[in-house]
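Scroll down for the structure; my scribbles are underneath it.
Every number for a ligand or one of its atoms is a count from 1 in the order of the listing.
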Amino acid sequence: MIALPELQQQIDQIRRDLEQRLPTLSEHDALEAFRVEFVGRKGRITGLFKLMGQLAPEARGEAGRLINEIKDYATGCFDEHDQADRAQLRQRQLSSDRIDLSLPGKHQALGCLHPMTLVQREIESIFMKMGFDVATGPEIETEYYNFEALNIPADHPARADWDTFYIGDSHLLRPHTSPVQIRVMEQTTPPVRIICPGRCYRRDTQDATHSPVFHQIELLWIEEGLSLANLKYVLEIFTQEFFGEGYEMLFSGDFFPFTEPSVQVHIKAPGAANWMEIMGAGMVDPAVLTNVGYDAEKYTGFAFGLGIERMAMLRYGIEDIRSFLANDLRFIKQFS
Ligand code: PHE
């Protein structure tokens, strides 16, 4: 058993020790030592509470009050110095992190978009505004999607028109984006309204206008009642948006196994002497619609394929298709 005066003595001792320590508390380490010694889990004040059980029951109320008082006092001292400590630390950090605004800045090189990306995005956005979705397909294709489904049977001489890189017996690097039409139609019930941008490959010898790797955008619209007039209208809007007002347009006959009739589309700038060929197009051949399971009596539609490089060359007056892949920053930076 212990008595209240004895407890009081212990508390007074603690208070004296504590007050003696106060002047040192502005040092960070001393503050932590103080916390551990007085108010830590095994600290001296916490220890006092354990003595309560040894007091006479009627003294416990007063004892609790005294112990809590000294505890609040110690905690108050700790908190006050802790806050000051933190404020000081922050002040030190702020002054060491200070930025000298008068120093010269670091040069950040700003990237820019490749002219092909710019033109591709512009063409996409023109057709997206007209309600076409963007679809993509694989660059490594099967003969079925690249030829057969597009009404070009094996051994048909038309296959020679696409100078194709083969990979093994039945796979190839797609020489045009038309196989994407087939893939989308297989998965969709009409109406279909898509554009398919993508990379294509052909066994061409590289020169100013040919590259073994190039890009096309395919367009396909299938619905009931579409005619060549609708194709012409879509192209007129496109030409106006992409090249500007006043361009004339001309269709000349052509042949593609997957369109009937097939046309070559030419445009002429206002006041220019020459026509420029911009794309192959036509009404989708009923055989192609039948191949994907569509009712060719009910649905009609049209498609075209244009070369993105060619559009970029016309738009920016670029004369050599090889510039696009030459990776010369001086060239690329001119367009953004
Ligand atoms: N796929 C054809 C080509 O690359 C272009 C084309 C697409 C023609 C769609 C007509 C319709 O040569």
Side-chain angles (χ1 to χ4, degrees), residues 120 123-124 127 132-139 141-153 156-165 172-185 192-204 209-223 226-235 238 249-267 276-289 291-292 294 296 299-311 313 321:
Q120 179 176 331
I123 298 173
E124 280 173 11
F127 288 113
F132 288 83
D133 287 329
V134 175
T136 52
E139 288 173 28
E141 265 299 0
T142 61
E143 284 198 299
Y144 177 75
Y145 286 105
N146 194 71
F147 289 128
E148 269 140 55
L150 287 163
N151 202 29
I152 318 169
H156 193 284
R159 286 205 181 185
D161 290 347
W162 288 271
D163 301 295
T164 310
F165 286 113
L172 47 85
L173 290 175
R174 68 175 180 200
H176 56 171
T177 40
S178 301
V180 187
Q181 290 187 22
I182 305 295
R183 290 183 176 274
V184 173
M185 285 193 282
V192 177
R193 211 176 295 144
I194 50 159
I195 51 164
C196 324
R199 212 165 4 207
C200 303
Y201 304 83
R202 285 193 199 177
R203 264 177 29 232
D204 271 333
T209 51
H210 295 85
S211 164
V213 187
F214 61 99
H215 297 74
Q216 281 191 340
I217 289 191
E218 187 90 5
L219 174 139
L220 176 72
W221 184 350
I222 306 287
E223 205 166 326
L226 290 176
S227 73
L228 209 58
N230 300 98
L231 167 64
K232 199 163 170 231
Y233 177 71
V234 166
L235 288 178
F238 169 70
M249 184 182 299
L250 176 88
F251 283 6
S252 66
D254 203 339
F255 173 77
F256 298 102
F258 34 88
T259 45
E260 181 57 36
S262 304
V263 294
Q264 201 48 252
V265 183
H266 311 255
I267 56 166
M276 302 178 287
E277 188 186 302
I278 58 165
M279 65 179 83
M283 300 304 293
V284 176
D285 195 298
V288 174
L289 298 177
N291 284 343
V292 296
Y294 285 2
Y299 296 110
T300 50
F302 53 82
F304 67 67
L306 60 78
I308 307 181
E309 277 82 355
R310 181 141 176 73
M311 299 311 265
M313 288 166 86
I321 198 171

Hey, is R310 close enough to E277 for a salt bridge, meaning N to O under 4.0 Å?
no
Which residue and atom name correspond to the protein heavy atom nearest atom 7 (C) of ligand 1, and how close is it?
G305 N, 3.2 Å
Which of the atoms of ligand 1 are close to A303, meaning less than 4.0 Å from one of its heavy atoms?
9 (C), 11 (C)
Is F302 close enough to touch ligand 1? Criterion: a residue heavy atom under 4.0 Å from a ligand atom.
no
Counting each atom of ligand 1 from 1 as listed, which ones have a heavy atom of S178 under 4.0 Å away?
1 (N), 7 (C)
So F132 and F127, would you call those rings parallel, tilted or perpendicular, with 30° and 60° as cut-offs?
perpendicular
Between W162 and H176, how do the two ring planes meet: parallel, tilted or perpendicular, split at 30° and 60°?
tilted
Of the protein's non-hydrogen atoms, which lies at the shortest distance from atom 4 (O) of ligand 1, and what is that distance?
Q216 NE2, 2.8 Å
Counting each atom of ligand 1 from 1 as listed, which ones have a heavy atom of W162 under 4.0 Å away?
3 (C), 4 (O), 12 (O)
Could you tell me whether some N/O pair between Q181 and ligand 1 is separated by less than 3.5 angstrom?
no
Working to the nearest 0.5 angstrom, can you tell me the gap between M283 CE and F258 CZ?
14.5 Å
May I ask whether R202 has any heavy atom positioned less than 4.0 angstrom from an atom of ligand 1?
yes
After noting the C-alpha distance and the side-chain angles of Q120 and H215, does the key distance pass the side-chain hydrogen bond (donor to acceptor under 3.5 Å, both in side chains) rule?
CA-CA 9 Å; Q120 179 176 331; H215 297 74; 5.4 Å; no
Classify the contact between F304 and ligand 1 as side chain, backbone, both or neither, using a heavy-atom distance cut-off of under 4.0 Å.
backbone
Distance under 4.0 Å to a non-hydrogen atom of G280: what atoms of ligand 1 satisfy this?
6 (C), 8 (C), 10 (C)
If you round to the nearest 0.5 Å, how far is OG1 of T177 from CD of E218?
4.0 Å
May I ask you to check whether over 12 heavy atoms, not counting those of Y144, lie within 6.0 Å of atom OH?
yes
Under 6.0 Å from the ring centre and within 45 degrees of the ring axis: does the NZ or CZ of R202 meet both conditions for the six-membered ring of F165?
no
Should the proximity of A281 to ligand 1, defined as any heavy atom under 4.0 Å, be assigned to the side chain, the backbone, both, or neither?
backbone
E218 N/O under 3.5 Å from ligand 1 N/O
no
